[in-house]
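Worth knowing before you read on, the calculation uses all heavy atoms, side chains too, and leaves out hydrogens, waters and symmetry mates. Just so we're clear, the structure is a prediction, and the values are computed from it rather than from any experiment.
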Amino acid sequence: MEKKLFEKFDGTHVTGDMLQEASKLFSENYGVWSEHAAKLTSEFAKAGSRVRLSKEKLRSEYILEGTSCSYVRVSVNGYLAGNAFACRWNLNGKTVCWITQLVVHRDYRERGLAVGLLNELKQDGDDVYGVISSHPAACLAAAKAFGSSITNISLDFIKENAESIMKASPVRYVRDAELRGKLFNPEDDSGLVSSVDTGFYVDHEEPLEALTWVRESMDWPLGELLDGHEFVLILKVRRRPRSRSRSIPRSGSV
Ligand SMILES: CC(C)(COP(=O)(O)OP(=O)(O)OC[C@H]1O[C@@H](n2cnc3c(N)ncnc32)[C@H](O)[C@@H]1OP(=O)(O)O)[C@@H](O)C(=O)NCCC(=O)NCCS
């Protein structure tokens with residue numbers, strides 16, 4: 001029988017060995033550079049070569065000093081099958097939890113591990129969740145873990161709050177991402193709806209295939225995916241009003 005283990009760590013408890021494993025997982029499974037990358041990103045970004053992240057870069061960009069960061073991972077039969085990083089910050093008294101990285105090993109995809117990892121990240125007190133991703137499956141997973149379904153998201157909430165939330169981020173790539181799409185500029189006729197220009201030229205073959213597949217069965221709300229762009233999804237936590245009768249002990253009970 002398969003043994004699946006989810007673990008969550010505060011950023012301050014993430015060790016070098018954990019980051020070494022996370023670096024290997026990312027570098028072997030995240031994706032490959034697109035043909036535009038070499039020209040625009042860096043001379044090391046050769047088209048078709050794997051996007052890599054060293055453990056030092058993971059520490060400096062995903063476990064930020066002085067910021068509340070979390071790391072969750074899932075192992076299957078003792079092997080690292082997926083992981084996620086998140087950072088939290090405060091804006092106007094609300095806690096924003098932003099997924100800064102999510103990767104699942106190729107051999108373990110499409111069996112709910114991304115949803116499981118994001119569920120593990122959830123914390124009481126979080127008011128807003130956000131993610132930037134080119135992969136529709138990452139958006140589907142976030143919508144499921146933090147809301148209910150991608151078809152129920154509030155585009156109005158994203159439209160009204162994306163800029164202030166992202167500009168307040170301690171994470172550089174979130175702060176620097178430029179909002180794009182019809183949601184933020186009604187004159188945008190590129191087909192983008194809720195996107196960011198991150199200048200991250202990762203190959204989109206796999207995400208575009210996923211997008212085609214997803215669109216066959218639902219009304220995808222986040223629009224097209226263009227080179228160098230990613231979707232942005234921001235969700236407000238829905239809190240059910242607590243029924244008063246639940247907190248008042250019934251006569252006869254303790
Ligand atoms: C994106 C990624 C993390 C998804 O991981 P996963 O464990 O396969 O996702 P899950 O099994 O939890 O699936 C989440 C949802 O996406 C759907 N999905 C997963 N892969 C899909 C695919 N290739 N095509 C279409 N839908 C897909 C699932 O059916 C599920 O939808 P549902 O809840 O409506 O059934 C994984 O594909 C990955 O690591 N990709 C490369 C890195 C990347 O792009 N990361 C995102 C950057 S933040």
Side-chain angles (χ1 to χ4, degrees), residues 2 4-9 11 14-34 37 41 44-45 48-64 69-87 97-122 129-146 171-174 177 196 198 200-211 213-214 225 229-233:
E2 204 171 74
K4 206 188 299 171
L5 175 68
F6 285 93
E7 294 171 289
K8 181 177 180 187
F9 305 89
V14 174
T15 65
D17 285 351
M18 288 179 194
L19 291 179
Q20 185 61 55
E21 268 196 280
S23 156
K24 186 171 184 295
L25 178 76
F26 182 96
S27 302
E28 291 177 358
N29 294 281
Y30 185 83
V32 296
W33 291 113
S34 79
T41 311
F44 304 110
S49 67
R50 293 222 150 265
V51 183
R52 294 178 180 281
L53 258 184
S54 66
K55 73 170 188 181
E56 291 75 21
K57 206 152 183 200
L58 276 174
R59 166 105 43 217
S60 65
E61 294 188 5
Y62 294 83
I63 308 279
L64 304 177
C69 295
S70 303
Y71 174 60
V72 292
R73 66 182 183 182
V74 56
S75 49
V76 177
N77 295 334
Y79 293 100
L80 184 64
N83 67 14
F85 290 82
C87 285
C97 172
W98 199 276
I99 314 310
T100 50
Q101 194 199 105
L102 173 66
V103 189
V104 171
H105 191 292
R106 291 190 172 278
D107 296 346
Y108 297 95
R109 289 187 187 165
E110 294 187 61
R111 40 163 116 172
L113 293 188
V115 176
L117 285 164
L118 299 183
N119 266 321
E120 204 68 26
L121 271 175
K122 280 200 289 196
Y129 291 99
V131 67
I132 287 175
S133 176
S134 56
H135 207 308
C139 301
L140 290 173
K144 192 171 200 173
F146 304 133
V171 183
R172 202 181 53 196
Y173 88 86
V174 177
V196 282
T198 46
F200 184 45
Y201 285 88
V202 66
D203 185 80
H204 280 170
E205 187 181 338
E206 190 185 307
L208 285 170
E209 267 175 31
L211 188 56
W213 172 256
V214 167
L225 177 64
H229 290 66
E230 299 177 64
F231 300 114
V232 58
L233 176 63

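- His135 has its side chain out of reach of Leu102: every pair of non-hydrogen atoms, C-beta onward, lies at least 4.5 Å apart.
- The side-chain heavy atoms of Val72 and Phe6, taken from C-beta on, include no pair separated by under 4.5 Å.
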For this session: Report the C-alpha distance between Phe231 and Leu211 in whole Å, list the side-chain angles of each, state the deciding distance to 0.1 Å, and finish with yes or no for side chain to side chain contact (heavy atoms under 4.5 Å, CB included).
Result: CA-CA 11 Å; Phe231 300 114; Leu211 188 56; 4.2 Å; yes

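- Proximity of Leu113 to Lys4: side-chain heavy atoms (C-beta onward) are separated by under 4.5 Å at one or more points.
- A donor-acceptor pair under 3.5 Å links the side-chain atoms of Ser34 to the main chain of Tyr201, judged by distance alone.
- The two residues Ala81 and Val76 have their closest heavy-atom pair at CB-CG2, 3.7 Å.
- Classified by interplanar angle (parallel below 30°, tilted 30° to 60°, perpendicular above 60°), the ring pair His105/Tyr108 is perpendicular.
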Problem set entry | Derivation of the side chain to side chain contact (heavy atoms under 4.5 Å, CB included) call for Leu117 and Val104 | CA-CA 9 Å; Leu117 285 164; Val104 171; 4.2 Å; yes

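- Atom OG1 of residue Thr15 and atom CZ of residue Arg59 lie 7.5 Å apart, to the nearest 0.5 angstrom.
- Note: Phe85 and Trp98 fail the aromatic proximity criterion, with ring centroids not under 6.0 Å apart.
- The heavy-atom pair separating Cys139 from Ser133 by the smallest distance is SG-O, 4.4 Å.
- Going from atom CG of Leu58 over to atom OG of Ser27 covers 8.0 Å, rounded to the nearest 0.5 Å.
- Between Lys57 and Tyr62 the shortest heavy-atom distance is O-CD1, 4.1 Å.
- Other residues, nucleotides and ligands place more than 12 heavy atoms under 6.0 Å from the CZ atom of Arg106.
- More than 12 non-hydrogen atoms from other residues, nucleotides or ligands lie less than 6.0 angstrom from CD of Glu7.
- Here CG of Asp17 is found 7.0 Å from NZ of Lys55. Values are rounded to the nearest 0.5 Å.
- The shortest distance between side-chain heavy atoms of Phe146 and Leu233 does not fall below 4.5 Å.
- Here Glu230 contributes atom CD and His204 contributes atom NE2; the two are 6.5 Å apart, rounded to the nearest 0.5 Å.
- In this structure a side-chain-to-backbone donor-acceptor pair under 3.5 Å is present from Lys122 to Ala145.
- Contact record, Leu121 with Ser70: CD2-CB, 3.7 Å, taken as the closest heavy-atom pair.
- Considering OG1 of Thr198 and CD1 of Ile132, their distance stands at 7.0 Å, rounded to 0.5 Å.
- Val202 places a side-chain heavy atom less than 4.5 Å from the side chain of Ser134.
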Exercise. Hey, mind stepping through Tyr129 and Cys97 against side chain to side chain contact (heavy atoms under 4.5 Å, CB included) and telling me if it holds?
Worked result: CA-CA 5 Å; Tyr129 291 99; Cys97 172; 3.6 Å; yes

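- Between Gln101 and Asn83 there is a side-chain heavy-atom pair separated by less than 4.5 Å.
- For the pair Tyr173/Thr100, a side-chain contact is recorded, criterion being any heavy-atom separation below 4.5 Å from C-beta on.
- Note that CG of Leu64 and SG of Cys87 are 4.5 Å apart. Values are rounded to the nearest 0.5 Å.
- Counting heavy atoms from C-beta on, the side chains of Val51 and Phe200 come closer than 4.5 Å.
- Here Arg109 pairs with Glu206 under the side-chain hydrogen bond (donor to acceptor under 3.5 Å, both in side chains) rule; sequence neighbours left out.
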